[in-house]
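Here the structure is laid out as structure tokens; the discussion comes afterwards.
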Protein chains: 2
Amino acid sequence: MYTYRYPHPAITTDCVVFGFDGKSLSILLIQRGIDPYKGYWALPGGFVRMDETVEDCAYRELKEESGVENIYIEQLQSFSGVNRDPRERVITIAFMAFVRQDEYQVIGGSDAAKAQWYRLDELPSLAFDHLEIVSAALQKLRKKITIEPLAFRLLNTTFTMSQLQTIYEVVLGHSLDRRNFHKKMTKMGYISPTEDKLRVNGRPGVLYTFDEEKYREYIDSHF
Amino acid sequence: MYTYRYPHPAITTDCVVFGFDGKSLSILLIQRGIDPYKGYWALPGGFVRMDETVEDCAYRELKEESGVENIYIEQLQSFSGVNRDPRERVITIAFMAFVRQDEYQVIGGSDAAKAQWYRLDELPSLAFDHLEIVSAALQKLRKKITIEPLAFRLLNTTFTMSQLQTIYEVVLGHSLDRRNFHKKMTKMGYISPTEDKLRVNGRPGVLYTFDEEKYREYIDSHF
DNA sequence: TAATTTTGTGTAAAAAATACGCAAAAACAA
DNA sequence: TTGTTTTTGCGTATTTTTTACACAAAATTA
């Protein structure tokens, strides 16, 4: 047992993991095995330990519950409604993550909890205030994608222009001109073409990669 | 005494309050009266109570410690380094706020702690990891000011174009063309001229106000 | 009254965003 | 094979936005 002179809220992290299957955006959900909200779907997350930062915690819980690791995460914001959790006062620090969905089709962590991708337009009822958290994450994603290049994290290391464009269209919610999009992306300088091509239906498309080094150069010379 | 089955970190909020005196940016600091870091300057903040959100807490602590109230605050991010505080594990959720500095020249809260404005280029040694928090706040401020209009919150309800421009120059760290700045600001439509003028030295300048309603119209029609 | 300071307005050039046109490289069907 | 369809690559013209700079007006100050 642990005693304190003043009451302490519990601290958790929750993570909104975005995935992209080539057509639509999804997020990763875990089905709860215990009350409260038993059977409901929830964001992967859990209690912060005393020897880890909240980033460590978000990362660890994600790996334990869904097997997802080696990904990019960033802080979203904290949610602290007084009655978020019926058991005790719980404050959560929410994170966002972006992964290549096809790398994590087979999902299963050590907790053996049921983990599953859900398309954003087909979300089930979520536990706690997790729907609010997802909304906030989506809003931030929309804002960020026009400023920073994070779409690459949702794609394979190589990708075609149309794949990249589809992400932008899905996230922003409207279609973009194919030719202007191509122009804009290549002008940045940090999306480099490879020798390879991908053929699906019509004319094969050049496969591009995200050049992290040139991206940093671009940032340095523009800000 | 309060006991828990698992260890709980303590949760605090800290607030980076930006003020502007017409020439330079300052932040509001409180001198600590007790150890650790006794005598050091720190961000206003304190422990989150069980019946308040973190936003409530940030707001309350700010009022108690410095008398500042009725202001706009927003979440920055959380800081959770394992050894941030030598007493116990403390996770803080940092906020940013923007005030009209001249409205709060006489500072003093119920705690009667010494509160003082410090220019950003003349900061004293700060307690805990508060310097890191200030840096993060400043970085976010620089990013945000080019996207959203928050400079108004640092100025009086009416202000001249040059006053507004000075804030942008101080925050961004470089000078702007006076005529293009004027054009850009008025084109938005949510900075409305008043009948009044302010005369200081040369030709009197028109006083403008920030029209919150027209700002919302602008946002709605652009996003 | 002239010099100085500061503001308001305008105009031209450069850069970026937008709107399309058309041909090339593949798959598919006749 | 050949023509049709699909999808990509590349180009050009137009509009909009950003940037650079000139000059006159309204006040203060010497």
* To do: Give a yes/no answer on whether the side chain of A/K187 brings an N or O atom under 4.0 Å of OP1 or OP2 in C/dA15.
  => no
* Structure fact -> Here the gap from B/I191 atom CD1 to B/M161 atom CE, rounded to the nearest 0.5 Å, amounts to 5.0 Å
* Mapping A/P204 and A/R178 to their closest nucleotides on DNA chain C, which lands nearer the 5' end? -> A/R178
Provide a list of protein-nucleic acid N or O atom pairs under 3.5 angstrom, restricted to nucleotides 11-16 of chain D.
| unit_1 | atom_1 | unit_2 | atom_2 | d |
| --- | --- | --- | --- | --- |
| D/dT12 | O4 | A/K183 | NZ | 2.9 |

* To do: Inspect the surroundings of OH in B/Y40 and state if more than 12 heavy atoms from other residues, nucleotides or ligands are less than 6.0 Å away.
  => no
* Asked: Going by number, which of residues 194-203 of chain A have a non-hydrogen atom under 4.0 Å from DNA chain C?
  -> A/R199, A/N201, A/G202, A/R203
* Asked: Checking all strands, does A/T160 fall into the base, sugar-phosphate, or nothing category for heavy-atom contacts under 4.0 angstrom?
  -> nothing
* Distance below 4.0 Å between A/S162 side-chain N/O and D/dT7 OP1 or OP2 -> no
* To do: If a pair satisfies salt bridge (Lys or Arg N to Asp or Glu O under 4.0 Å) and one of its residues is in residues 204-223 of chain A, list it, with sequence neighbours excluded.
  => none
* Asked: Between the side chains of A/S80 and A/S78, is a donor N or O closer than 3.5 angstrom to an acceptor N or O?
  -> no
* Evaluation steps, side-chain hydrogen bond (donor to acceptor under 3.5 Å, both in side chains), between A/T209 and A/T157 -> CA-CA 6 Å; A/T209 67; A/T157 36; over 6 Å; no
* Can you check ring-ring contact (aromatic ring centres under 6.0 Å, His included) on A/Y59 and A/F95, steps first, answer last? -> CA-CA 10 Å; A/Y59 195 83; A/F95 285 79; over 10 Å; no
* To do: Using a cut-off of 6.0 Å, state whether more than 12 heavy atoms not belonging to B/E169 lie near its atom CD.
  => yes
* Structure fact -> So CZ of A/F210 and CE of A/M188: to nearest 0.5 Å the spacing works out to 11.0 Å
